[in-house]
Amino acid sequence: MKSFLSLAQARRSTRKFTEDAIPQEILQTILQGALLSPASKRSNPWEFIVVDDKELLLQLSTAKPHSGTFIKDCATAIVVCADTQKSDVWVEDTSIASIFIQLAAEDLGLGSCWVQIRKREHESGEMASEYIKKLLQIPEHYEVASIIAIGYKADERKSADLEKLMYDKIHTNTFSASQTSKDL
Ligand SMILES: Cc1cc2nc3c(=O)[nH]c(=O)nc-3n(C[C@H](O)[C@H](O)[C@H](O)COP(=O)(O)O)c2cc1C
């Protein structure tokens, strides 16, 4: 079993996918990972829409003008949305679920990329979330937070180098004291 750190190191955004479909049991495990993500007060405001229909993937890839076009080439996209009436911290809850999905995908040998939807606009000027809500028949009081594009990696990216992490972002006791190396 991979350690958490090696999983976190290996997870790099994948934007180029092979044409292979994701086996049902693998997808099932990823979705179990999503459902295991913690949410404030256990309100679990999230819903996950699993999209593998090619035409819908194409339409999702135009939800915003840039940086989501590769959705059309992924095997499956998981649209992460939330009932905004269930929690005032649905943004945090959906973000945690999104990264759980990405780490589960990596653990199972798949690549993924987070595509930001919340606060982004469709080329028509309407919010990307509204465009997706109409496309996927999501109820009015829900918001779409992200789309996680998943598939088999067409090219392998290097794992992150532990030696090159930004250790100066770690502060001990007060903000002014930051680390200069990985040694605590
Ligand atoms: C909140 C969030 C939003 C992101 N939105 C996009 C996006 O819309 N399109 C995209 O291609 N990548 C997106 N990414 C991926 C980041 O660009 C990527 O994680 C970052 O550059 C670090 O690279 P790595 O994932 O390979 O380590 C997003 C990542 C996060 C965490």
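Side chains are part of it too, since the values below use all heavy atoms of this structure and drop only hydrogens, waters and symmetry mates. Whatever order the structure lists them in is the order used to number ligands and atoms, beginning at 1.
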| task | Could you list which atoms of ligand 1 come closer than 4.0 Å to a heavy atom of Val115? | result | 7 (C), 8 (O)

| query | Are more than 12 heavy atoms from other residues, nucleotides or ligands located less than 6.0 Å from atom NZ of Lys54? | reply | yes

| message | Is there a path of hydrophobic side-chain contacts, each under 4.5 Å between heavy atoms of I/L/V/M/F/W/Y residues, joining Ile22 to Phe48? | response | yes

| note | Closest non-hydrogen contact found for Val89 with Ser40 is CG2-CB, 3.3 Å

| said: List ligand 1 atoms under 4.0 Å from Cys113, heavy atoms only on the residue side. | reply: 10 (C), 11 (O), 12 (N)

| task | Assess Arg11 for proximity to ligand 1: is some non-hydrogen atom of it under 4.0 Å away? | result | yes

| What part of Arg15, side chain, backbone, both or neither, has a heavy atom within less than 4.0 angstrom of ligand 1? | side chain

| Which of the atoms in ligand 1, numbered in the order shown and given with their element, are less than 4.0 Å from a heavy-atom of Arg157? | 26 (O)

| field | Ser95 and ligand 1 - part of the residue with a heavy-atom distance under 4.0 Å | value | neither

| said: If hydrophobic clusters are built from ILVMFWY residues whose side chains come within less than 4.5 Å, do Val50 and Leu108 share one? | reply: yes

| query | Which residue owns the protein heavy atom closest to atom 26 (O) of ligand 1, what's the atom, and how far is it? | reply | Ser13 N, 2.8 Å

| Do Arg157 and Ser159 pass the side-chain contact (heavy atoms from CB on, under 4.5 Å) test, and can you show the C-alpha distance, the side-chain angles, and the key distance before you say yes or no? | CA-CA 6 Å; Arg157 295 189 62 195; Ser159 285; over 6 Å; no

| Please state which protein non-hydrogen atom is closest to atom 13 (C) of ligand 1 and give its distance, to 0.1 Å? | Trp114 O, 2.9 Å

| said: I'd like to know if the side chain of Glu143 pairs up with that of Thr84 as donor and acceptor (distance under 3.5 Å, no hydrogens or angles considered). | reply: no

| Nearest-contact summary for atom 8 (O) of ligand 1 - protein heavy atom, Å | Lys64 NZ, 2.6 Å

| query | Counting only N and O atoms by type, is there a donor-acceptor contact under 3.5 Å from the side chain of Lys133 to the main-chain atoms of Tyr142? | reply | yes

| said: Can you tell me if His66 contacts ligand 1 (heavy atom of the residue under 4.0 Å from the ligand)? | reply: no

| said: I'd like to check atom 21 (O) of ligand 1 in this structure: does the protein have a heavy atom lying under 4.0 Å from it? | reply: no

| message | With the threshold set at under 4.0 angstrom, would you say Gly68 reaches ligand 1 through any of its heavy atoms? | response | no

| query | What atoms of ligand 1 come closer than 4.0 angstrom to any heavy atom of Phe70? | reply | 11 (O)

| request: Decide, yes or no, whether a salt bridge links Glu106 with Lys153 under the criterion of side-chain N to carboxylate O below 4.0 Å. | output: yes

| field | Greater than 12 external heavy atoms within 6.0 Å of His141's NE2 | value | yes

| Where is the nearest protein heavy atom to atom 9 (N) of ligand 1: which residue, which atom, and how far? | Ser67 O, 2.7 Å

